[in-house]
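What follows is one structure encoded as structure tokens, with my remarks underneath.
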Amino acid sequence: MQSDKNDFIFDIIVIGAGHAGCEAALACARLGKKTLCLATNLDTVAYLACNPSIGGTAKGQIVKEIDALGGEMAVNTDKSLLQLRMLNRSKGPAVYSPRAQVDKNKYHANMKLTIERTPNLFLRQGEAKTLVKTEDGGYGVTIANGQNYFAKAVVVATGVYLNSRTVVGSLVQDSGPNGFANAHGLTDSLREMGFKILRFKTGTPARVNARSIDFDRLESQQGEESMPPFSYLNDYKNTKQFPCYLTWTTAETKKVILDNKHLAPIFSGTVKGVGPRYCPSIEDKVVRFSDKERHQIFLEPEGADTDEYYVQGVSSSMPADVQYEIYHTIEGLERVEIMRDAYAIEYDCIDATALYPSLMSKNHDGLFFAGQINGTSGYEEAAGQGLVAGINAVRYLDNLKPLILRRDQAYIGVLIDDLTTKGTNEPYRMMTGRAEHRLVLRQDNADLRLTEIGREIGLVDDARYALFKEKLSQLEKAKEQLNRVLKPTEINGFLAEKGEPQTVTGIPVRTLLKRSSVRISDLVENGLFDEFSPQVLEQIEIEAKYEGYISKEETAIQTAAKTENKPLPTDVDYNAIEGLRLEARQKLNAIKPLTLGQAARISGVSPADVTVLAIYLSGRKKDENE
């Protein structure tokens, strides 16, 4: 029976089913668009090619934001948990970051099943070979078997698969991650459409067998059983948690690497792609930080149904026999059995300054990009972009204003603004230091910042919204308790136990909580705040203790907004604006910033150039009003 031609016509096609592709496809389908999601191999759907974890410093904040907007990553993480921890507890709440170890196989299987069961969403195995514009302004995608698919909008989320190759010593293979097939052809289509193609590199460590690890010589790192799950939709606790382990390289490790440095592909020239500065291979670390005698290593379980362990911190592209020597010099791994070699992987990506902050191409309406194709590194960064690209593909089709998250609204906003305004010359990794407003972009308040936005867009359903409204109600009640004044007879005994000065006239709860030795858990034990959830208690404590700092940050944001949010017309010819330096004209014409604030962050645009632009805007507004 011949297929109906409508089987090959969609509203949106998502090319790729990694973390960016999954979020993009789910968002498009959940917002009512007939969506095709193409994967080179269905076994790679939401595949964790590198470490079996979700979250971490700055990345955990992104996952919380994805959840608040109605995305899937946090929900899927909770379904697949092995361990949950909060990083940076010893630092301030601005950098508290949740991190989960997840079951690699379950994470893939759970996400794939979610996609398979989502209405309007069609998952298809097939490598996208060509991408072309059609006469009606849409796009055509041809897959390897020759079938053609058509859509009004396309999201390209190809990860590290474009013309990728893996490197282990002198063994160079035409391959994607973990031996999966890579993708050929699509790079040529993108180049023909005018995109600048970059060549980046990343890597992964070996996987080893648990039976060969001397766990008695390692330091165990347990999870936090009382910590709330990632998603605001869940309230259960993960009581059965798997430990991770900490160990170190040795002086012998350093010697083996230096003795074999000439065999390292990153030094011999075999690897030509630009690697991530903040996640170097072990051979790169030893050479760059030659003063250090040892480096920290983490051993992380890959799943509940396997004895494979991920050796975080020992990424390498050294020959297999040298890897064997390196791993056997690490404390506790002297007899370790390597199951999968470490490798480097090179791949094609684009210069993301060719995109608007909506992640749509500046030169091709309806064509969006998300994930590592934009030069980023990490599952979380990819998923955040995928969600925004999917939302905006739908809004493009519906003739709605795109969702553009500001830098003071979300880490996702910082990420996308950095990519589309500054670009990146290496795999971009999100860090808390990149967010100038991180004190108000905390992991605990992501739902307060973004749930209403997700609701307006249409991704936050009634169940999620009801939980959000209940939290708001709890927060209001908890804040009322902050204003309560405790009498000396109620509180002096507690203050004496804490070694704090006692009160004669009484003390407001808010003032009491500002004291460094007083935690909200202490107050719960003394009968205050005992009816509230851990999430509400955490937020109340942070807002009370850091009230002054948060207030200053919010004032700074309001002041900066006067410049930041001034719109720049997209039809400006910057060559015609007198007073702009030549470099500024070139950069402004290339980037086409949407606001004065975005223009100020472009490399090569000076404060003096921004002043010229501000004067130009004032004059243009005056002319329009006359």
Side-chain angles (χ1 to χ4, degrees), residues 49-51 160 162-179 182 197-209 212-213 247-299 309-349 372 375 377 424-427 429:
C50 202
N51 52 327
V160 299
L162 287 189
N163 288 336
S164 60
R165 64 174 195 159
T166 57
V167 181
V168 180
S170 61
L171 177 63
V172 180
Q173 294 180 298
D174 192 34
S175 168
N178 197 42
N182 58 7
I197 304 299
L198 307 176
R199 189 75 172 166
F200 280 0
K201 165 255 175 188
T202 186
T204 188
R207 274 61 164 183
V208 300
N209 196 315
S212 62
I213 300 172
T247 186
W248 299 84
T249 62
T250 62
E252 184 63 20
T253 310
K254 183 176 181 179
K255 182 178 186 304
V256 170
I257 291 171
L258 293 178
D259 287 348
N260 292 279
K261 178 185 171 184
H262 62 289
L263 299 175
I266 63 168
F267 298 128
S268 69
T270 302
V271 171
K272 295 181 173 60
V274 180
R277 189 177 8 148
Y278 299 102
C279 190
S281 64
I282 187 64
E283 53 266 32
D284 199 12
K285 281 192 282 189
V286 165
V287 172
R288 284 168 54 188
F289 307 106
S290 57
D291 56 318
K292 288 193 175 184
E293 288 303 315
R294 64 176 192 167
H295 297 273
Q296 198 173 59
I297 306 298
F298 293 93
L299 282 96
Y309 267 73
Y310 178 90
V311 191
Q312 184 189 133
V314 199
S315 171
S316 179
S317 60
M318 282 285 206
D321 57 340
V322 179
Q323 290 187 31
Y324 185 86
E325 288 187 63
I326 291 171
Y327 278 79
H328 281 75
T329 64
I330 297 171
E331 295 178 22
L333 304 185
E334 290 84 357
R335 293 181 296 278
V336 78
E337 300 169 13
I338 294 179
M339 299 175 69
R340 306 183 199 231
D341 292 326
Y343 61 84
I345 183 168
E346 294 182 303
Y347 56 94
D348 292 341
C349 54
Q372 287 178 282
S377 172
T424 181
N425 56 10
E426 63 177 336
R429 178 182 180 181

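Heavy-atom basis, side chains included; hydrogens, waters and symmetry copies ignored. By convention here, the first residue in the shown sequence is residue 1.
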So, does [X] use its side chain to make a donor-acceptor pair with the main chain of [Y] at under 3.5 Å?
X: E334; Y: G332; result: yes
X: T249; Y: H295; result: yes
X: T247; Y: E331; result: yes
X: K254; Y: S290; result: yes
X: S268; Y: L263; result: no
X: R207; Y: P205; result: yes
X: D284; Y: P280; result: no
X: T250; Y: T329; result: yes

Would you kindly say whether N178 and R340 are connected by a side-chain donor-acceptor distance under 3.5 Å?
->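 Checked: N178/R340 side chains pair up, N/O donor to acceptor below 3.5 Å.
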
Answer yes if the side chains of N182 and D174 hold a donor-acceptor pair under 3.5 Å, and no otherwise.
->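 D174 and N182 do have a side-chain donor-acceptor pair below 3.5 Å.
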
Hey, what do you get for [atom1] ([X]) to [atom2] ([Y]), rounding to the nearest 0.5 Å?
X: I257; Y: E325; atom1: CD1; atom2: CD; result: 10.5 Å
X: N163; Y: I197; atom1: CG; atom2: CD1; result: 9.0 Å
X: H328; Y: S212; atom1: NE2; atom2: OG; result: 7.5 Å
X: E293; Y: E252; atom1: CD; atom2: CD; result: 11.5 Å
X: I282; Y: S315; atom1: CD1; atom2: OG; result: 9.0 Å
X: W248; Y: Q296; atom1: CH2; atom2: CD; result: 4.0 Å

[X] versus [Y]: any side-chain heavy-atom pair under 4.5 Å?
X: E346; Y: R199; result: yes
X: L198; Y: N425; result: no
X: I213; Y: Y309; result: yes
X: I345; Y: V167; result: no
X: E283; Y: K261; result: no
X: Y343; Y: S175; result: no
X: I326; Y: M318; result: yes
X: Y327; Y: I338; result: yes

Restricting to non-hydrogen atoms, name the atom on [X] and the atom on [Y] that form the minimum distance, rounded to 0.1 Å.
X: G203; Y: C50; result: O-SG, 3.7 Å
X: V160; Y: Y347; result: O-CB, 3.3 Å
X: R165; Y: V172; result: NH1-CG1, 3.3 Å
X: G169; Y: P265; result: O-CG, 3.5 Å
X: V314; Y: A342; result: O-CB, 4.4 Å

Evaluate the criterion side-chain contact (heavy atoms from CB on, under 4.5 Å) for residue pair K201 and V274; output intermediate values, then yes/no.
-> CA-CA 5 Å; K201 165 255 175 188; V274 180; over 6 Å; no

Decide side-chain contact (heavy atoms from CB on, under 4.5 Å) for D348 and F200; before the verdict, give the C-alpha distance in whole Å, the side-chain angles of both, and the deciding distance to 0.1 Å.
-> CA-CA 6 Å; D348 292 341; F200 280 0; over 6 Å; no

Check step by step if side-chain contact (heavy atoms from CB on, under 4.5 Å) holds for I266 and S281.
-> CA-CA 9 Å; I266 63 168; S281 64; 3.6 Å; yes

Report the C-alpha distance between L171 and T166 in whole Å, list the side-chain angles of each, state the deciding distance to 0.1 Å, and finish with yes or no for side-chain contact (heavy atoms from CB on, under 4.5 Å).
-> CA-CA 8 Å; L171 177 63; T166 57; over 6 Å; no

